[in-house]
Number of protein chains: 2
Amino acid sequence: MSKQSRTLQTYQALKFDVLSARYLPGRKLIIENICEEQCVSPGAVREALARLTSDGLVIAEPQKGFTVAPVSIADLQDLTEVRIDVEQKCIRRAIRDGDIEWEGQILSTLHQLNKTLETTVLEGGKLVFCPIWAEKHAQFHDALVSACSNLWWLNLRSRLFMQAERYRWMTLPYVEEKRFVVKEHEALVAATLDRDADLASALVEDHLQKTADLLLSSDAPFDDTDERYTKAVKLT
Amino acid sequence: MSKQSRTLQTYQALKFDVLSARYLPGRKLIIENICEEQCVSPGAVREALARLTSDGLVIAEPQKGFTVAPVSIADLQDLTEVRIDVEQKCIRRAIRDGDIEWEGQILSTLHQLNKTLETTVLEGGKLVFCPIWAEKHAQFHDALVSACSNLWWLNLRSRLFMQAERYRWMTLPYVEEKRFVVKEHEALVAATLDRDADLASALVEDHLQKTADLLLSSDAPFDDTDERYTKAVKLT
DNA sequence: TCCATAGAAACTATAGAATGTTTTAGAAAA
DNA sequence: TTTTCTAAAACATTCTATAGTTTCTATGGA
C-alpha cells in the first residue's frame, strides 16, 4: 500500500500532467477517465482537482466539470513582468541574509543541474523534455533564494515559478536552445556569492526576460488565434 | 434547490468562518461536525477543504485531518511588507491605465463604504465585526486597483488581501479604532484621481503599515507564546 | 514507561439522483 | 425535394449520499 494518501498521489500526478503539457490548455478533464488511468476512485480525483483549482492550474465550472486552465501570450507577458520583480525581491533578501550553508546549497544544486544536463538532455542539439532536469532546475532556483527570510515572498515566487514552468515545458519542444543557460546560471551564482545584489538582480531580469522572449518568438503552437489558447486567463 | 453546487456553498461558508475568526488558528476541523452544521455530505466538505488548502487557509495532514492554518506575529510582519510592495505596484499601474469608468467605480464604492460605516459599525466607539462593512471595504480596495492591466499583480494582491483580512478580523474586537480610516481612504482616493502615483503609493504604505502596527500593539490574544499560534506558517 | 486494546475519525469505494449535452426525428419553409 | 429550425428523448457526466475499511489517538493496565 502507498505511504501517502491516494489523493496526494493523484494530485501530484495531475499536476505533473498539466505542467508538462500532457494535458493541453482548454482540455476537458473527465473524472471517469482519470479514475481508470490512475486507478483511484472519483472522490480522490475530485479532491485533487479541487486543489488544482486553487492553484490556478485547472478551472472548475459548476455542473460542467473541470478543464485545464488556459494560457495566452498576454498572460505570459504579464507573468514574466511580475516574476522578474518578485524574483529580484527574493534574491536581494537572500543575498542580504544568506549564510554559509546557503552558499553551499547553491553550489551543490548548480553542480547537480549541470551534470544532469550533460548526461541526459543534450540529444541532437535540441532540448528534450526531461523531468529530472526540470526538478534539478527548480531545486537550483529554490536554493538561490532559499535564504530569503520573508516566507511570503518565497510563497509568491513559488506560485509564479510553477506557472512559468508550465509555459516553458509546453513550448520547449519547439525552441532551439541558442542561449547558454549554463553560463547564465553560473554568472548568477557568481554574482550572488559575491553578494553583489545589483548585478544579481540585473542577471535575474535578463534570465527571465530572455526565456520569455525565446518562447514568444518560437515556432510553438502558441498563438492566440488558435482556438485552444484564446480563452482569457480566469483568476479567482 | 440551490443554484450553485453544495461544494461551492460549503467552500464559501468555511472560508468565511476561517476569515472571520469563528474558527481560530490551529483548530481541528472535524469533517463530521461540519457535515451536520452545513447539512452536506462528507464528500462536499472534503472538496471544500481541499480548495482551502491551496488557498493557504487550512492545513491538510494525511490521515490526520484538517486544521485551520496558524498565524504568527512574524507572519503578519512579512505579509505586511509584501502587501505594501504589491499594492503599490497595482495602484501605480491603475493610475497609469485607469479610465473614466474606473474613477466612477472608486467614488461609488467609497460612498457605499462610508455610508455603511455610519449606519452599522460605530457602536459604542468600538469597532464591531460587520460582514457587510468587510465586503464593502474589500470592494473599495478592489475598485482602486481594478484598472491595473496586469492580471497577475491583481491575482497576487487578492491572495494577500485575503490573508490580511484574516488578521484584521481576528484582532478587530480588541483594538480601539484611533485612526480615522475614512480620512485615509479619502486621501488615497484624492491622490489617485489626481493621478499622483508617488503620493498614492506613500499613502498606501502608510495605510497598511498603520493597520499592521495597530494589530501588533493591540490587546488581542495574538501572542507567539500562545500554543495555538506557535506553529510556523507552512507554505506549499 | 511501555504496550495493548477500544474508540473515533479520516480515507476509499460504490450506488443513486440531478443536471448538462448531444443527437435525432419531425415539421415548416424555401 | 432539400434545408433549416425546433423540440424531445437518450446519453453522458457531474454531483451527492451512504457504507465499509484503514489509520490514528487516547485510555487503561502491566
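First the proteins, then the strands, lettered A, B, ... as listed; each starts at 1. As a basis for the values below, the full set of heavy atoms in this structure was taken, side chains included, without hydrogen atoms, waters or symmetry mates.
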Closest to the B:Pro42 side chain, choosing from D:dT18, D:dA17, C:dA10: D:dT18
Under 4.0 angstrom between A:Ser41 side-chain N/O and C:dT12 OP1 or OP2: no
A:Arg6 side-chain N/O to C:dA13 phosphate OP1/OP2 under 4.0 Å: yes
Under 3.5 Å donor-acceptor, B:Trp133 side chain and B:Asn114 backbone: no
Spacing between B:Gln38 atom CD and D:dA17 atom P, to the nearest angstrom: 12 Å
Whole-Å distance separating the CD1 atom of B:Ile30 from the P atom of D:dT25: 12 Å
Side chain of A:Val40 (C-beta onward), nearest among C:dA13, C:dA10, C:dT19: C:dA13
A:Glu61 CD to C:dT21 C1', straight-line distance once rounded to whole Å: 14 Å
Between B:Asp78 and A:Trp153, a side-chain donor and acceptor under 3.5 Å: no
Touch class at under 4.0 angstrom, heavy-atom based, for A:Gly65 against every strand present: sugar-phosphate
Gap between atoms CG and C1', on B:Leu8 and D:dT14 respectively (whole Å): 13 Å
Atom-to-atom span, NZ of B:Lys28 to P of D:dA26 - whole angstrom: 9 Å
A:Arg93 with B:Glu81: basic N within carboxylate O range, under 4.0 Å: yes
Phosphate OP1/OP2 of C:dC11 contacted by A:Thr7 side-chain N/O (<4.0 Å): no
Spacing of A:Arg46 atom CZ relative to C:dT14 atom P, expressed in whole Å: 17 Å
Nucleotide of C:dA9, D:dC15, C:dT12 approaching B:Glu32 most closely (side-chain heavy atoms): C:dA9
Face-on cation placement of B:Arg168 at B:Phe161 ring, 6.0 Å and 45° thresholds: yes
Touch class at under 4.0 angstrom, heavy-atom based, for B:Leu49 against every strand present: nothing
B:Lys64 side-chain N/O to C:dA10 phosphate OP1/OP2 under 4.0 Å: no
d(CD1, A:Ile34; C1', D:dT13) in whole Å: 12 Å
Short side-chain donor-acceptor distance under 3.5 Å, B:Gln112 and B:Thr116: no
Euclidean distance, atom CD of residue A:Glu36 to atom C1' of D:dA12 [Å, nearest integer]: 14 Å
A:Ile31, nearest nucleotide to its side chain (from C:dT12, D:dA17, D:dT14): D:dT14
